[in-house]
Amino acid sequence: DTTSTIKKAAKPNQSESFMMMHELPDDDPDVLAKAPLAGPNQWPAALPDFKPAVRAYNQALVDLGRRLVPAVAVALGAGPNDLNADFVRPTTFLRLLYYPSQPPHSPDDLFGSNPHTDYGFLTLLAQDDVGGLQVRNRAGDWVDAPYMPGALVMNSGDILHRWSNGYFISTPHRVINRSGRARYSCPFFFDPDMHSRIAPVPSRISADHPARFEPLVYGDFLMGQLRANHDQHAQRAEPKMM
């Protein structure tokens, strides 16, 4: 992640992934307008059982995300339904990630996933028992986030940080897989509608704690981050003139 505020990426992530995004009906206004991220997903034709299994898992996580929204709203001091309208048509990303084992003495700046925060609202992560995921605590130390049977890891992202006026921290995390085994994980990114207007909730603003963030549209913020990443990767790939 070349836009990371935690640590600028020096080397490519040591991982491969399949990405599924939210699927919109053909008559959705964003699809008709050919808006960013409104196109269809692409599926491997050689795996006929893959698409229904992934879509079913994705829908289960969408349902879980919607159940968590009122709990987060209450934690912010808002009403339980105050954020629901922003998730009627959520922006979602489901990644199926493979991390090869890194050499035991690989460079300190070689990561399965470079240190970063997520752009959105909540991330729900299923991981295997290989280990390698770490989060940074308030003291600045990187601590393991171990596998727990039957549990998901939940991270808060940049949009929740802004919505909460800084009350929720956007979770810094990274992956280093020196286990000697392949690692697999499935992060699900549950974010508001691309058209949602994000501003600190009134319950987190006071005379002692004024609003720290200007309002923005989530889709504009997201596309700005994605384009910055793309542009910086493209610049690195360009041959240097002698």
Query - Separation between CD1 of Ile159 and CG of Leu222, rounded to the nearest 0.5 Å - result: 8.5 Å
Query raised in the report: Hey, what do you get for CD (Gln14) to OH (Tyr99), rounding to the nearest 0.5 Å?
Result: 11.0 Å
Query raised in the report: Can you tell if the side chain of Asn13 reaches within under 4.5 Å of the side chain of Val175, non-hydrogen atoms only?
Result: no
Requested in this report: Apply side-chain contact (heavy atoms from CB on, under 4.5 Å) to Asp191 and Thr92, showing your working.
Outcome: CA-CA 6 Å; Asp191 300 345; Thr92 65; over 6 Å; no
Query raised in the report: For Asp63, does the CG atom sit with more than 12 other heavy atoms under 6.0 Å from it, leaving out its own atoms?
Result: yes
Requested in this report: Please answer: with hydrophobic residues joined when any side-chain heavy atoms are less than 4.5 Å apart, are Leu94 and Tyr119 in the same cluster?
Outcome: yes
**Report entry** pair Arg55-Trp43: side-chain heavy atoms closer than 4.5 Å
**Finding:** yes
Requested in this report: Decide yes or no for Thr117 and His161: does some side-chain heavy atom of the first lie under 4.5 Å from some side-chain heavy atom of the second?
Outcome: no
Query raised in the report: Between the main-chain N or O of Asn84 and the side-chain N or O of Asn81, is there a donor-acceptor pair closer than 3.5 Å?
Result: no
Query raised in the report: Do Trp142 and Pro115 come close enough that some side-chain heavy atom pair is under 4.5 Å?
Result: yes
**Report entry** Under 3.5 Å donor-acceptor, Ser170 side chain and Asp158 backbone
**Finding:** yes
Report summary line: In short, Val62 meets Pro90 closest at the heavy-atom pair CG1-CG, 4.4 Å
Query raised in the report: Is there a chain of hydrophobic side chains (I, L, V, M, F, W, Y, each step under 4.5 Å between heavy atoms) that links Phe87 to Met154?
Result: yes
Query raised in the report: Tyr184 and side chain to side chain contact (heavy atoms under 4.5 Å, CB included): which partner among Leu97, Asp128, Leu96, Val130?
Result: Asp128
Query raised in the report: Are the side chain of Ser156 and the backbone of Leu160 linked by a donor-acceptor contact shorter than 3.5 Å?
Result: no
Query raised in the report: Sub-3.5 Å donor-acceptor pair from the side chain of Gln134 to the main-chain atoms of Gly132, do we have one?
Result: no
Query raised in the report: So if you build clusters from Ile, Leu, Val, Met, Phe, Trp, Tyr with side-chain heavy-atom gaps below 4.5 Å, do Tyr98 and Phe188 land together?
Result: no
Query raised in the report: Taking the side chain from Asn165 and the backbone from Pro210, do they hold a donor-acceptor pair closer than 3.5 Å?
Result: yes
Query raised in the report: Would Ser101 and Arg178 count as having a side-chain donor-acceptor pair, cut-off 3.5 Å?
Result: no
Requested in this report: Answer yes if the side chains of His195 and Asp30 hold a donor-acceptor pair under 3.5 Å, and no otherwise.
Outcome: yes
Query raised in the report: Side chain of Asp144, backbone of Pro146: donor and acceptor closer than 3.5 Å?
Result: no
Query raised in the report: Between OG of Ser15 and CG of Asn114, what distance do you get to the nearest 0.5 Å?
Result: 9.5 Å
Report task. Answer yes or no: is there a side-chain heavy-atom contact under 4.5 Å between Leu37 and Met223? Result -> yes
Query raised in the report: Hey, mind stepping through Arg162 and Leu216 against side-chain contact (heavy atoms from CB on, under 4.5 Å) and telling me if it holds?
Result: CA-CA 10 Å; Arg162 299 180 72 98; Leu216 54 74; 3.2 Å; yes
Query raised in the report: Can you check whether Phe18 and Phe50 have ring centres sitting under 6.0 Å from each other?
Result: yes
**Report entry** Glu23 and Asn41: side chain donor to acceptor below 3.5 Å
**Finding:** yes
Query raised in the report: Would you call Asp129-Arg181 a salt bridge at under 4.0 Å N-O?
Result: yes
Query raised in the report: Counting distance only, does the side-chain N/O of His209 pair as donor-acceptor with the main-chain N or O of Ala207 below 3.5 Å?
Result: no
Query raised in the report: At what distance, to the nearest 0.5 angstrom, does CZ of Phe189 lie from CG of Leu61?
Result: 11.5 Å
Requested in this report: Verify the cluster assignment for Ile205 and Val74: are they in a single hydrophobic cluster under the rule of side-chain heavy atoms below 4.5 Å apart?
Outcome: no
Query - Leu68-Phe93 co-clustered via ILVMFWY side chain contacts under 4.5 Å - result: yes
Requested in this report: Give a yes or no answer on whether the side chain of Thr91 reaches the backbone of Pro192 with a donor-acceptor pair at less than 3.5 Å.
Outcome: yes
Report summary line: All heavy atoms of Leu76 vs all of Ser203, minimum pair found to be O-OG, 2.6 Å
Query raised in the report: Does any non-hydrogen side-chain atom of Arg212 lie less than 4.5 Å from one of Arg204?
Result: no
**Report entry** Arg95 and Ser17: side chain donor to acceptor below 3.5 Å
**Finding:** yes
Report task. Spell out, as yes or no, whether a donor-acceptor pair under 3.5 Å connects the side chain of Gln102 to the backbone of Leu110. Result -> yes
Query raised in the report: For the residue pair Asn177 and Gly131, what are the closest heavy atoms and their distance?
Result: OD1-O, 4.4 Å
Requested in this report: Please assess His116 against His173 for the test side-chain contact (heavy atoms from CB on, under 4.5 Å), listing each intermediate value before the final yes or no.
Outcome: CA-CA 6 Å; His116 66 285; His173 54 287; 3.2 Å; yes
Report task. Step through the shown structure and confirm whether more than 12 heavy atoms of other residues, nucleotides or ligands are within 6.0 Å of OH on Tyr167. Result -> no
**Report entry** Straight-line distance of Arg136 CZ to Ile169 CD1, nearest 0.5 Å
**Finding:** 10.0 Å
Query raised in the report: Using a distance-only test with no angle check, is there a side-chain donor-acceptor pair under 3.5 angstrom linking Ser196 and Asp86?
Result: yes
Query raised in the report: Taking side chain as C-beta onward, heavy atoms only, is Leu122 less than 4.5 Å from Val72?
Result: yes
Query raised in the report: Which heavy atom in Phe213 sits nearest to a heavy atom in Gly166, and how many Å separate them?
Result: CE1-N, 3.7 Å
Requested in this report: Using the side-chain contact (heavy atoms from CB on, under 4.5 Å) rule, take Trp163 and Val201 through it: C-alpha gap first, then chi angles, then the decisive distance, then the call.
Outcome: CA-CA 6 Å; Trp163 237 335; Val201 295; 3.9 Å; yes
Query - NZ/NE/NH1/NH2 to OD/OE distance under 4.0 Å, Arg89 and Asp28 - result: yes
Requested in this report: Heavy atoms only: give me the nearest Asp26-Leu32 pair and the separation to one decimal.
Outcome: O-CD2, 3.5 Å
